[in-house]
*Asks:* 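Here it is, the structure in full.
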Amino acid sequence: RKYLLRTYGCQMNEHDSERIAGLLEADGYAATTDEADADVIVFNTCCIRENADNKLYGTLGMLRRWKSEREGRQIVVSGCLAQKDRDLVGDKAPWVDVVLGTQSVKLLPALLADAPARSLPVIQLEALEDVGFPLGVARRSDAVRAYVTIIEGCNEFCSFCVVPYTRGHERMRPVGDILAEVREAARTGH
């Protein structure tokens, strides 16, 4: 099976996409850049960038036909827009298989496996307290730069910021995990 991953958004979305790619590859998927070859298309979305929602929903509308052309194809919407819009994604595009919140990315392979048994999209938005990620699973998109998450979420609720609503409350990674990831990134040339 092959996957196509499209990222709309900031550096955190880019890092989440690296993790998504690594999780899918660890589950036996191969990356593709050709929509016609893809079995799964994943949109990792941002809710801050202008017109991100219009772009997403327009693209999802066009993919309805893509999905119907071959049995077993799946569509995933993840990221901040998925977290913010919650049920709206399923209402506007009921042919989406999985709506995945920012705080439960590591559940994607299991959710994809579970989705065919359901008639409505699998919606997973609950936060996982464990912000750890398997070391080395991220498929780095840059040859020399590596994102390393130290903290996720925020507790401040500033009037201009959506982070507490889309990334959840503040959750720190253990120092040992952070250092191990930095060492791994350095070991691989980042």
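As a basis for the values below, the full set of heavy atoms in this structure was taken, side chains included, without hydrogen atoms, waters or symmetry mates.
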*Asks:* To the nearest 0.5 angstrom, please state how far the CG atom of Asp16 sits from the CD atom of Glu152.
*Replies:*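 Taking CG in Asp16 and CD in Glu152, the distance rounds to 7.0 Å.
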*Asks:* Kindly compute the distance separating OG1 (Thr45) from CG (Leu56), expressed to the nearest 0.5 Å.
*Replies:*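 Those atoms lie 6.0 Å apart.
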*Asks:* Can you tell me how far CG of Leu23 sits from CG of Leu108, rounded to the nearest 0.5 angstrom?
*Replies:*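 One finds 7.0 Å between CG of Leu108 and CG of Leu23.
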*Asks:* Is the CD atom of Glu156 crowded by more than 12 outside heavy atoms at less than 6.0 Å?
*Replies:*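 Counting other residues, nucleotides and ligands, CD of Glu156 stays at 12 neighbours or fewer.
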*Asks:* Quick check: do Leu112 and Tyr3 have side-chain heavy atoms less than 4.5 Å from each other?
*Replies:* no
*Asks:* Spell out, yes or no, whether Val148 and Leu179 are grouped together once hydrophobic residues are joined by side-chain heavy atoms under 4.5 Å, including indirect joins.
*Replies:*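 No, because Val148 and Leu179 fall into different hydrophobic clusters, even though each may have its own neighbours under 4.5 Å.
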*Asks:* May I ask you to test the Lys55-Leu81 pair for a side-chain heavy-atom distance under 4.5 Å?
*Replies:*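 No. Closest side-chain heavy atoms not under 4.5 Å.
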*Asks:* In this structure, which one of Arg70, Arg6, Lys67 forms a salt bridge (charged side-chain N to carboxylate O under 4.0 Å, His left out) with Glu35?
*Replies:* Arg6
*Asks:* Hey, is the main chain of Ala138 close enough, under 3.5 Å, to the side chain of Glu18 for a donor-acceptor pair?
*Replies:*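 No, Glu18 side chain to Ala138 backbone: no donor-acceptor pair under 3.5 Å.
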*Asks:* What class does the angle between the rings of His15 and Tyr147 fall in, given that below 30° is parallel, 30 to 60° is tilted and above 60° is perpendicular?
*Replies:* tilted
*Asks:* Restricting to non-hydrogen atoms, name the atom on Leu60 and the atom on Ala93 that form the minimum distance, rounded to 0.1 Å.
*Replies:* CD1-CB, 4.0 Å
*Asks:* Looking at Trp95 and Arg65, would you say the former's side chain and the latter's main chain have a donor-acceptor pair under 3.5 Å?
*Replies:*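 No; judged by distance alone, with no hydrogens or angles, the pair does not exist.
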*Asks:* Show the nearest heavy-atom pair for residues Pro164 and Phe157, with the distance to one decimal.
*Replies:*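 Of all heavy-atom pairs spanning Pro164 and Phe157, the closest is CB-CE2, 3.4 Å.
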*Asks:* Determine the sole option in Val96, Val98, Val99 for which the side chain to side chain contact (heavy atoms under 4.5 Å, CB included) test with Val76 is passed.
*Replies:*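 Exactly one candidate clears the test, Val98.
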*Asks:* Starting at CG of Leu24, measure out to OG of Ser17 and round the result to the nearest 0.5 Å.
*Replies:* 10.5 Å
*Asks:* Quick one: side-chain hydrogen bond (donor to acceptor under 3.5 Å, both in side chains) pairs with a partner in residues 72-82, sequence neighbours left out?
*Replies:*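 Sorted result for residues 72-82: Arg1-Gln74, Asn44-Ser78.
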*Asks:* At their closest point, which heavy atom of Ala31 faces which heavy atom of Glu25, and how far apart are they?
*Replies:*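 Looking at all heavy atoms of both residues, the closest pair is CB-OE2, 4.0 Å.
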*Asks:* Quick check: closest heavy atoms across Thr59 and Tyr8, and the distance to 0.1 Å?
*Replies:* OG1-OH, 4.1 Å
*Asks:* For Asp85 and Tyr57: C-alpha separation, side-chain torsions, deciding distance, then whether side chain to side chain donor-acceptor pair (under 3.5 Å) applies.
*Replies:* CA-CA 12 Å; Asp85 282 0; Tyr57 292 120; 2.8 Å; yes
*Asks:* Is the side chain of His190 donor-acceptor paired with the backbone N or O of Glu184 at a distance under 3.5 Å, no angle test?
*Replies:* no
*Asks:* Hydrophobic cluster membership, with links at side-chain heavy-atom distances under 4.5 Å among I/L/V/M/F/W/Y: are Met12 and Ile20 in one?
*Replies:*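 No, no single cluster joins them.
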*Asks:* Test of understanding: clusters of I, L, V, M, F, W, Y form through side-chain heavy atoms closer than 4.5 Å, transitively. Do Tyr29 and Leu100 belong to the same one?
*Replies:*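 Yes, one cluster joins them.
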*Asks:* Side chains of Cys80 and Val162, heavy atoms from C-beta outward: is any pair under 4.5 Å?
*Replies:*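 With C-beta onward as the side chain, the pair stays apart.
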*Asks:* Backbone N or O of Thr7 within a donor-acceptor pair of the Asn13 side chain at under 3.5 Å?
*Replies:*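 Checked: no pair found.
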*Asks:* Can you give me the closest heavy-atom contact between Ser141 and Glu14, atom names plus distance?
*Replies:* OG-OE1, 4.5 Å
*Asks:* Identify which one of Ile151, Thr149, Ile150 satisfies the side chain to side chain contact (heavy atoms under 4.5 Å, CB included) criterion when paired with Ile178.
*Replies:*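 It is Ile150, the one option of Ile151, Thr149, Ile150 that forms the side chain to side chain contact (heavy atoms under 4.5 Å, CB included) with Ile178.
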*Asks:* So which heavy atom on Val89 is nearest to which on Ala82, and how close?
*Replies:*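 That would be CG2-CA, 4.5 Å.
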*Asks:* Are Leu5 and Leu111 connected in the hydrophobic side-chain network, where two residues link if heavy atoms are under 4.5 Å apart?
*Replies:*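 Hydrophobic grouping puts Leu5 with Leu111.
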*Asks:* Report the C-alpha distance between Gln83 and Tyr165 in whole Å, list the side-chain angles of each, state the deciding distance to 0.1 Å, and finish with yes or no for side chain to side chain donor-acceptor pair (under 3.5 Å).
*Replies:* CA-CA 8 Å; Gln83 188 76 34; Tyr165 302 101; over 6 Å; no
